[in-house]
Amino acid sequence: MRIITVGGGAREHAAVEALARAGAEIYAVMKNANPGIEAKATKVLLTAENDIDKICDFAINNEIEYAFVGPEAPLSAGVVDALQNIGVKCASPTKDAARIETSKTFMRQLVEKYNIDGNLKYNAFDCAADAIEFVKTVPYKVAVKPVGLTGGKGVKVQGDQLQTLEDTIGYINEIFDDNVGGGKVIIEEKAEGEEFTQMVFTNGEDVYAMPLVQDHKRAYEGDLGPNTGGMGSYSDANHLLPFVPEEDRLKAIEINKAIIKALAAEGCPYHGTMYGQFMLTRDGPKIIEINARFGDPEAMNVLTALTSDFSEIIKWMAGGKMKDEVKFCEKATVCKYIVPRGYGVKSESGHILSIDLERIENSGAVAYFGSVDKVDGKLVTGTSRSVGIVGIGNTISEAEQNCEKALAFVKCDAIAVRHDIGTQALIQKRIDHMRQIRGQ
Ligand code: AMP
Ligand code: GLY
């Protein structure tokens, strides 16, 4: 298989590793020189990831058959539509199908129209005055979200980032004044519970579910600080989470399936990986967001555990036939992201990073490179998440310990890591919280 991959983060490095394991010939498009991707690629095109003309030329010149797009920005720019027009089979959604992520209003309205479970009360506003009038009288706590893309950092929730009504009004004004995420706002009912990620592979009709994963959005240990793209994540050997029973996982899978069916009915069939972010509440899973791609960091957990041939899954998602079931090994994984100091507020980039890949592997872990670059032959940190370290084990604890052992083999004088991810103490907190929510 000759395939273009778009994206230069750790999520895409994990996808490239899975493709390389399956013997694919990789043509990588990315804005930064990710050394992990470079090592596995036949050819690399360094360019903006939404530069449609250059990407199409690269595809034509290299007789590319398939494409897989990692990040949301190229999906929203229409890279998939353009590649399809020149005959490339894509295992990622078109611009129309990707609206499930790129417009939070589109997602809520679709879920409402097709009577899909898990929706939250929501109101969308085109002007600040109406939104402010609404929050002054709404009888429940709310989450305030820019309607468009914000790199996972645009949501503020009452009781978390928004302490007073003035904070809420101030944030609504900021979204409109600074045109954050397109300058429109959606105000949702706040869901109380514990979050989990259910991702699926789909060919537009059928679905294969991936193991559950829990991400950690907050920048600092103890779930404190600003929201980030995600600081790390874990998955369990039984593909559930310690606070999510099978029954709730099945409900989440059903919601993903219903959304895929609804998109097909709307005339924009969805091909690729779909990401469902859910809050497990007293009343079951509620939809927090749906993304048109793998989660980052969640992709690192599931792709490390994937034992099936990823190139076969790609072919099927792009419209081909499936030979076998999709399988994941029965191992737990814990991913901790090494990020530049200040990440989430103001990253300090450009610091030299040294990584001993062999010793990381010998610790029962894998390293996926993210926002790093090479300057004068040396690896340096970029402004976003630098390296994801995924520990593997028979239990979450074992995977967590392996991850910590491996972290010792990454050296840099300006990085941060959330060491609490995957620890028994933090997981117990989640279990206790869920018991309290469900009154058990
Ligand atoms: P998102 O970028 O949509 O994933 O939102 C970032 C974070 O905000 C989520 O991971 C949740 O913790 C929180 N959040 C978003 N929407 C809601 C909601 N309706 N209720 C409670 N928390 C939410
Ligand atoms: N882990 C959150 C995201 O990929 O959006």
Side-chain angles (χ1 to χ4, degrees), residues 7 9-12 14-15 70-73 75-76 98 100-105 107-108 111 118-124 138 140-162 168 171 175 180-181 185-199 210 212-219 223-235 273-283 285-303 335-337 339 344 370 384-385 388 418 421 430 433 437:
R11 164 183 51 202
E12 289 77 29
E72 58 275 26
L75 294 172
S76 120
I100 201 68
E101 169 167 9
T102 58
S103 168
K104 291 185 160 65
T105 324
M107 184 276 278
R108 291 282 172 210
V111 170
N119 213 359
L120 292 170
K121 292 194 199 94
Y122 72 97
N123 292 76
V138 63
Y140 46 83
K141 281 195 184 141
V142 298
V144 179
K145 305 185 172 187
V147 168
L149 296 178
T150 55
K153 294 151 200 135
V155 174
K156 292 196 180 177
V157 181
Q158 285 185 333
D160 297 334
Q161 298 86 359
L162 304 171
T168 307
Y171 189 49
I175 292 173
V180 180
V185 78
I186 177 162
I187 296 180
E188 292 176 0
E189 162 196 7
K190 176 179 180 178
E192 304 269 7
E194 278 297 326
E195 281 177 271
F196 66 92
T197 303
Q198 173 67 67
M199 299 186 287
M210 302 184 219
L212 292 183
V213 188
Q214 188 176 42
D215 184 17
H216 298 70
K217 300 284 280 185
R218 299 297 198 91
D223 292 323
L224 299 172
N227 271 335
T228 67
M231 294 294 293
S233 45
Y234 61 89
S235 65
T273 52
M274 182 181 273
Y275 168 112
Q277 172 93 26
F278 295 94
M279 186 76 80
L280 186 53
T281 68
R282 176 193 282 273
D283 306 318
K286 300 286 175 192
I287 304 167
I288 294 296
E289 64 173 354
I290 304 290
N291 290 334
R293 52 180 173 80
F294 270 125
D296 186 354
E298 291 97 325
M300 289 185 267
N301 300 87
V302 296
L303 287 168
C335 172
K336 304 195 195 198
Y337 246 130
V339 302
S384 195
R385 297 168 290 181
R418 267 192 67 172
I421 293 169
R430 312 262 190 249
H433 183 216
I437 294 274

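First listed ligand is number 1; within each ligand, the first listed atom is number 1. Quick note: residue numbers are just sequence positions, from 1.
Contact atoms of ligand 1 toward Met279: 21 (C), 22 (N) (distance under 4.0 Å to a heavy atom of the residue). Proximity to Glu188 (heavy-atom distance under 4.0 Å) selects the following atoms of ligand 1: 16 (N), 19 (N). The distance from ligand 2 to the heavy atoms of Gly295 drops below 4.0 Å at these ligand atoms: 4 (O). Listed by number with element, the atoms of ligand 1 under 4.0 angstrom from any heavy atom of Leu120 are 19 (N). Within the listing of ligand 2, atoms 1 (N), 2 (C) sit less than 4.0 angstrom from a heavy atom of Asp215. Interface atoms of ligand 1 facing Glu189, defined by a heavy-atom separation under 4.0 Å, are 18 (C), 19 (N), 20 (N). Annotation for ligand 1: atoms under 4.0 Å from non-hydrogen atoms of Lys217 are 4 (O), 6 (C), 10 (O).
Distances from atom 3 (O) of ligand 1 to the heavy atoms of Glu101, Glu289, Lys190 put Glu289 nearest. Between atom 20 (N) of ligand 1 and the options Gly154, Gly193, Ala191, the minimum heavy-atom separation is to Ala191.
Taking every heavy atom of both residues into account, Ser235 and Leu212 meet most closely at CB-O, 3.3 Å. For the pair Arg11 and Arg293, the tightest heavy-atom approach, listed with the atom from each and the gap, is NH1-NH1, 3.0 Å.
Proximity of Glu298 to ligand 2, defined as any heavy-atom pair under 4.0 Å, is confined to the side chain (atoms from C-beta onward). Using a 4.0 Å cut-off between heavy atoms, Arg293 contacts ligand 2 through its side chain alone, with no backbone atom that close.
For the pair Glu195 and ligand 1, the shortest N or O to N or O distance falls below 3.5 Å. Residue-to-ligand polar distances place Asp296 within reach of ligand 2: an N/O pair is separated by less than 3.5 Å. Among the atoms of Gln277, none of the N or O lies under 3.5 angstrom from an N or O of ligand 2. Checking only distances, Ala143 never comes within under 3.5 Å of ligand 1, N or O to N or O. Ligand 2 has a nitrogen or oxygen under 3.5 angstrom from a nitrogen or oxygen of Asn291.
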| task | List the steps, then state whether side chain to side chain contact (heavy atoms under 4.5 Å, CB included) holds for Gln161 with Arg218. | result | CA-CA 11 Å; Gln161 298 86 359; Arg218 299 297 198 91; 3.7 Å; yes
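Between Asp223 and Arg430, some side-chain heavy-atom pair lies under the 4.5 Å cut-off. Taking 4.5 Å as the limit, every side-chain heavy atom of Met199 sits out of range of all side-chain heavy atoms of Thr273. Using a 4.5 Å heavy-atom cutoff, the side chains of Gln277 and Glu298 are in contact.
Between Arg108 and Glu188 there is a salt bridge, since at least one side-chain N of the basic residue sits less than 4.0 Å from a carboxylate O of the acidic one. Electrostatic pairing of Asp160 and Lys141 does not count as a salt bridge here, judged by no charged N lying under 4.0 Å from a carboxylate O.
Under a 4.0 angstrom heavy-atom cut-off, Gly229 registers as being in contact with ligand 2. Using a 4.0 Å heavy-atom cutoff, Lys145 is listed among the residues neighbouring ligand 1. Under a 4.0 Å heavy-atom criterion, Gly230 is not in contact with ligand 2.
Remark: side-chain polar atoms of Lys336 are paired, donor with acceptor, to backbone N or O of Ile421 under 3.5 angstrom.
Scanning for side chain to side chain contact (heavy atoms under 4.5 Å, CB included) contacts around Ala219 gives Pro226, Thr228, with sequence neighbours left out. For Tyr275, there are no ring pair (Phe, Tyr, Trp, His ring centres under 6.0 Å) partners, not counting sequence neighbours.
In this structure, His216 and Tyr234 have tilted ring planes: the angle between them lies in the 30° to 60° band.
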